[in-house]
Amino acid sequence: MMMIMDVGSLIAVVALGLVSLSFWWFILRVRCHKKTSSGLPPPPEIPGLPVLGNLLQLKEKKPYRTFTKWAEKYGPVYSIKTGSTKLVVLNSNDAAKEAMVTRFSSISTRKLSNAIKILTNDKNIVAMTDYGEFHKMVKRHILTSTLGPNAQKRHRVHRDTMMNIISEQLQYYVKKDPNGAVNLRQLFQRELFGLALKQVLGKEVESLYVEELGTTLSRQEILEILVIEPMKGAIEVDWRDFLPYLKWIPNRTFKINIQRMYFRRQSVMTALIKEQKERISRGEEINCYLDYLLNEAKSLSEQQVLMLLWEAIIESSDTTLVTTEWAMYELAKDPQRQDRLYQDIRNVCGNEKVAEEKLCELPYLSAVFHETLRKYSPAPIVPLRYVHEDTEVGGYHIPAGTEIAINIFGCNMDKKQWENPEDWKPERFIDDKYDLMDLHKTMAFGAGKRVCAGALQAILISCTAIGRLVQEFEWSLHHGEQDNVDTLGLTTHKLHPMKAKIKPRN
Ligand code: HEM
């Protein structure tokens, strides 16, 4: 009886609380619709619940799709509430560019989720740090040593080796089992990870003894710890992100999970760096990011160096894979377009293998790559930006303290910009009515001062890979693969790896 009484009064208190919250929420909404100090109106608000705001409408982990649906009803710029945080969502090219370029000086910082804050050691990587002196310095380092045009020329040999290994492995698979299905992701991910290790540490690693973990890890286990686990960790939700005034309530499962990832990543990176420092002390210098940072960036702490090296490994190993796999999925599904690409390659390359210097002569290949970026942007939402001084976007007033989500996926599904945006149609980039600049219209690499540092590497690897895979094999989807298009994760991985049948062309 006592128990029932308690529950009854609890319900009454909660109900009263909700009624009064709803009242204040209503008053606030009405106030928000008034003009602001700048004279501009605030963006329209998506109706939600008191306290939780729109959180329950975003339960599934694909907010970019929900944002896009809302844009159809409420227009390209609107605001939502994720708990106590106000988030303005931008779904049009004009608004996105305005935020990334014209208004950048007011929107150049980030507020990170608890998971990303821990995993990035509190903004200690290029992609997550606030814009400022540190950002400029570390971006310069990664471009000079690894990702800029001259550095990419120096690392060319690693990319060519990688492509030859992938091609040989595929030949081997078909010989062994001509009717079997190949899992391109598994092979490509392994080799891309190897390339990242060579660029970053100077050497590939087949196994590694990690003192803190008391065990020897295989290359696959190292990949899991450095890339796959943190990618999953980055989208772990800590409900305290949305209700920071409740941060005093512990969230043990979340904390244990992320701290375990952090510890394992830290231990593996420390062991990898130790091995390479021993190499350097033997007098063996290699052209790689680690050697560069030790020589040229003496002001950085050991932990900062570790974080920057890890960043280059994780970023090299994921997004390029996502794009290449989706492109091959679309081509395997579409024999006519695959044939068009094959004929183009034959005309330009003859019996020579597709190589980087031929890419500029293969506009259809470039169109395939950019159309894949458009339909399957690996980063569908640009990492959230934070408004640190009052500003405006799309003709709306955006007060300091607001977060900004640039929904690249939404921009690329905008019917005003793209004809039948749901269709994968590379021709849209080469038909007469489009011009070359349209390639940048997808904004898949971001824009402005925070534009992706690895765009050149991603283009070189992905385009050469797609070109060679189509030049050397005929691709078709394995039975049942047609509708297998769901996505997963921080970057839009195909939910299930593509299973394809391949037939050598010669
Ligand atoms: C298809 C492949 C890729 C796509 C679509 C992509 C996309 C993006 C996007 C959208 C951003 C955020 C821009 C912003 O915050 O405004 C970004 C930043 C960044 N990306 Fe990429 N990326 C790709 C490949 C790579 C690769 C291969 C690397 C390096 C190994 C890389 C390194 C970086 C870095 C360092 C930043 C931070 C730049 C800054 O904050 O100034 N990316 N990328």
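Each ligand, and each atom within it, is numbered from 1 in the order the structure gives.
Considering each of Thr320, Ile314, Val451, the one bringing a non-hydrogen atom nearest atom 38 (C) of ligand 1 is Val451.
Between the side chains of Gln199 and Gln457, at least one donor N or O lies within less than 3.5 Å of an accepting N or O. Using modelled atom types, one finds a donor on one side chain and an acceptor on the other under 3.5 Å when comparing Arg159 with Gln152. Neither side chain, Asn287 nor Tyr292, offers a donor N or O lying under 3.5 Å from an acceptor on the other. For Thr68 and Asn407, the side-chain atoms include at least one donor-acceptor pair closer than 3.5 Å.
A salt bridge links Lys375 to Glu330: one of the charged nitrogens lies within less than 4.0 Å of a carboxylate oxygen. For the pair Arg103 and Glu392, the salt-bridge criterion is met [side-chain N within less than 4.0 Å of a carboxylate O].
Between Thr144 and Ala151, the closest heavy-atom pair is O-CB, 3.5 Å. When all heavy atoms are compared, the tightest approach of Ser462 to Thr324 is OG-OG1, 2.9 Å. Considering all non-hydrogen atoms of both residues, Val393 and Ala95 come closest at CG1-O, 3.7 Å. Nearest heavy-atom pair across Ser108 and His388 is OG-NE2, 3.2 Å.
Within the 6.0 Å centre-distance limit, the rings of Phe104 and Tyr131 are counted as a close aromatic pair.
For ligand 1 and Pro378, the ligand atoms under 4.0 Å from any heavy atom of the residue are 5 (C). Taking every heavy atom of Val126 and a limit of under 4.0 angstrom, the matching atoms of ligand 1 come to 40 (O). Remark: ligand 1 atoms within the under-4.0 Å shell around heavy atoms of Val382 are 14 (C), 15 (O), 16 (O).
At a 4.0 Å cut-off, at least one heavy atom of His135 sits close enough to ligand 1 to count as contact. Ligand 1 has no atom lying under 4.0 Å from any heavy atom of Met443. Contact between Ile406 and ligand 1 is absent, with no heavy atom of the residue lying under 4.0 Å from the ligand.
Here Lys69 pairs with nothing under the side chain to side chain contact (heavy atoms under 4.5 Å, CB included) rule; sequence neighbours left out.
Excluding waters, the count of protein N/O/S atoms less than 2.8 Å from atom 21 (Fe) of ligand 1 comes to 1.
Summary of contacts: the protein heavy atom closest to atom 7 (C) of ligand 1 is Ala444 O, 3.3 Å. Looking only at heavy atoms of the protein, atom 30 (C) of ligand 1 is closest to Ser316 OG, 3.0 Å. Here the protein heavy atom with the shortest distance to atom 15 (O) of ligand 1 is Arg110 NH2, 2.8 Å. Of the protein's heavy atoms, Leu147 CD1, 3.5 Å lies nearest to atom 29 (C) of ligand 1. Of the protein's heavy atoms, Arg450 O, 3.0 Å lies nearest to atom 13 (C) of ligand 1. Taking atom 16 (O) of ligand 1 as the reference point, the nearest protein heavy-atom neighbour is Arg385 NH2, 2.4 Å. Given atom 1 (C) of ligand 1, the protein heavy atom at minimum distance is Thr323 OG1, 3.4 Å.
Note: Trp326 and Tyr376 have parallel aromatic rings, judged against thresholds of 30 and 60 degrees for the angle between ring planes.
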